[in-house]
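So that the names make sense, note that chain A is the first sequence line, chain B the second, and so on, each numbered from 1. Everything numeric in this text was worked out from a predicted model, so none of it was measured.
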There are 2 protein chains.
Amino acid sequence: MDLSANEANQQENANAMVKVRTIKDIAELAGVSTGTVSRALAGSELISKKTRAKIQALADEHGFRPNVLARNLRIQKTGAIGVLIPLGHEKGQHISDPFFITMLGLLADRLTEKGYDLLLSRVIPTDGSWLERFVDSGRVDGLIVIGQSDQVETLDKVAARYRPLVVWGGYTEGQVHCSVGSDNRKGGYIAAKHLIERGCNRLAFFGDPKALEIGQRLEGCRQAMAEAGLSEKLSVLPAHLVAEAAHPDIANYLGSVGERPQGIVAASDVIAMSALRALAEFGLAVPGDVHVIGYDGLAIGEQTVPRLSTVSQDLTQGAHHLVDMLLRRIAGEDTQSVVMEPELIVRMSS
Amino acid sequence: MDLSANEANQQENANAMVKVRTIKDIAELAGVSTGTVSRALAGSELISKKTRAKIQALADEHGFRPNVLARNLRIQKTGAIGVLIPLGHEKGQHISDPFFITMLGLLADRLTEKGYDLLLSRVIPTDGSWLERFVDSGRVDGLIVIGQSDQVETLDKVAARYRPLVVWGGYTEGQVHCSVGSDNRKGGYIAAKHLIERGCNRLAFFGDPKALEIGQRLEGCRQAMAEAGLSEKLSVLPAHLVAEAAHPDIANYLGSVGERPQGIVAASDVIAMSALRALAEFGLAVPGDVHVIGYDGLAIGEQTVPRLSTVSQDLTQGAHHLVDMLLRRIAGEDTQSVVMEPELIVRMSS
DNA sequence: TAGAAAAATGCAATCGATTGTATTAAGCGT
DNA sequence: ACGCTTAATACAATCGATTGCATTTTTCTA
């Protein structure tokens, strides 16, 4: 290796050594201006093919990635969608809850498909500002809120001025914010009717009607019972939503109730699973002694023994709706709330 | 209402009308410079108590929130941690998988606690650059990767230069990246030993040993069988990880196998649940005819019928480790990989 | 080959905050 | 009331990219 080769080599090493972090570094290396680099990297036709190629080569030789923050600040977009879970109505409810988690996964899948990232934040609404704070932080291009909890007012207030916001949950007449959810009343009706058709005369509803959606499901149940002339035969147990908390509720109930219900309408699949387990512990056969039906259509319902009958909300489609509508709202379009058809899925527990 | 009051009122309205979006708007309103506003909002002692109060009042009167992007660009921090799920080794695996989802929820809970947001991204590693791209995008302060998939090399390569990176998964001698996970060999050993003690002589292992962690679990099983002089009595079914795909694998296996195993060691709780269901469909009692044990310690294991025995990884503690170690690495400390003790949880299926 | 049109590139403002330094105002002693 | 120290605030550079407009270079026509 002669001297000049050595020098050339050192030069090359020196080049490789330069830590290329910014567009400016690339610009210096290529002997052009930062503007040119920016355009070249964006594949702009304004830049000649030759320099474009050269700059791009340089860029991936050094593994250069433009700083997303700076870019976002300039173009006023973030490429991220915020997903908020207001944990208002039930203490101790974690993000780890199967329903949230399922919805979250589906949203993540869909958003990723559409080229967005997902910024997750659990919020415990202490005052009304939790939403506003997020909205105004400029960190996301849009917001999906999972569940209305007891925050309908806050949601309506913010929705009035901040357009890229969609909510998973129930729909009520006159609601300002754009929501996606299933027809809970109808779902409850279907569930109860199914059990009645299976020969159940006494039903129990497991779930706390204080939450909007659950209340609506209960209404549906009531209607079905009324139509069958069984209005008096429906009892309600305001069981917790969280699996660990639901189980004792249910076990207590089953242990102390006078006339055992012939059918159980659970307000969620998680509650239904707790019910299945409690029934098994009491030595009651499902569906022999008691018929059970859940609500949500979660995948785990396939894995229970017996496999869980349920009213399915088609969360996959729901997630698609949420994302697609949000993107349309971001684009400036207007959108209507979506109320999806619930679907009865009869498996083995009813 | 006299004229002057009216005017004052209009003035006030005019003020309120001005859309206060930036620190500059506030500055003008308060008649000070932007620097002063920035410091006042940060509660700096450099600013007199009086103006500080005035500015803060102004700020929340107009519901002003500083732009996070700009702030982050300036201070070179993002306040977000990226969570990546490389979906390499198994096609069709969604984020919606119960294990990911559980881990994700726990991480979200912990990160939120620590004041970080969670930026979720599903990646399908086509080439080796998926990680680098994320690392260099400057969008996050640190990275948690859930599962090594078949990307150990990539992880090692990036870990060598990018410090704030931790990985959930198995630990292998000489590994460069910092990992948190349970002692899979020991876990597999415990599971098999437990079933052997329950009187099982023929065991089946359900799970695909191509994945690092699962391979290690199988090794543990083998060792336990060897110690009991039953080396020949272990069969392996490389079942899929995904519940929907695992069930047919298992049903086929149970339908065609010659001598039925007396015990099943499943490589995950999800696989175990599929096994429970398949066994029930074949009319086999658990644990009467077949003993079953899972792996992971997921919450849903509590809700199966019969409740699932499992080797628990304490994901909660794992998530805490991941987050805490990551924060320490961000702070510049060095950290060692953590190998947690797996714990046998005997419930009703074994 | 001059001159005009077209193509390629450079320049500098901008996004919205933070922060070191310069500058002004206030406070104090004599 | 004057200089001097200290407290309070203003100024301006900065983070890293984008982009309209000005400028230079190239290409083509007459």
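- Rounding to whole angstrom units, NZ of residue B:Lys50 and C1' of C:dA26 are separated by 11 Å.
- A salt bridge links A:Glu132 with A:Lys157; the closest basic N to acidic carboxylate O contact falls under 4.0 Å.
- Residues satisfying the side-chain contact (heavy atoms from CB on, under 4.5 Å) criterion with A:His177, sequence neighbours excluded, are A:Gln148, A:Val152, A:Leu155, A:Asp156, A:Ala159, A:Val167, A:Gln175, A:Ser179.
- When atom types are taken as modelled, the side chain of A:Arg110 and the backbone of A:His320 share no donor-acceptor pair closer than 3.5 angstrom.
- Here the P atom of nucleotide C:dC15 and the CG atom of B:Asn72 are 19 Å apart, to the nearest Å.
- Under the side-chain contact (heavy atoms from CB on, under 4.5 Å) criterion, A:Val68 pairs with A:Asn72, B:Ser137, B:Arg139, not counting sequence neighbours.
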Protein-proximity profile, nucleotides 16-25 of chain D, B/S/- by nucleotide at the 4.0 Å heavy-atom cutoff, equals BBBBBB----
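- Between B:Lys54 atom NZ and D:dA8 atom P the separation is 15 Å, expressed in whole Å.
- Using a distance-only test at 3.5 Å, with no hydrogens or angles considered, a donor-acceptor pair links the side chain of A:Arg52 to the main chain of A:Ile47.
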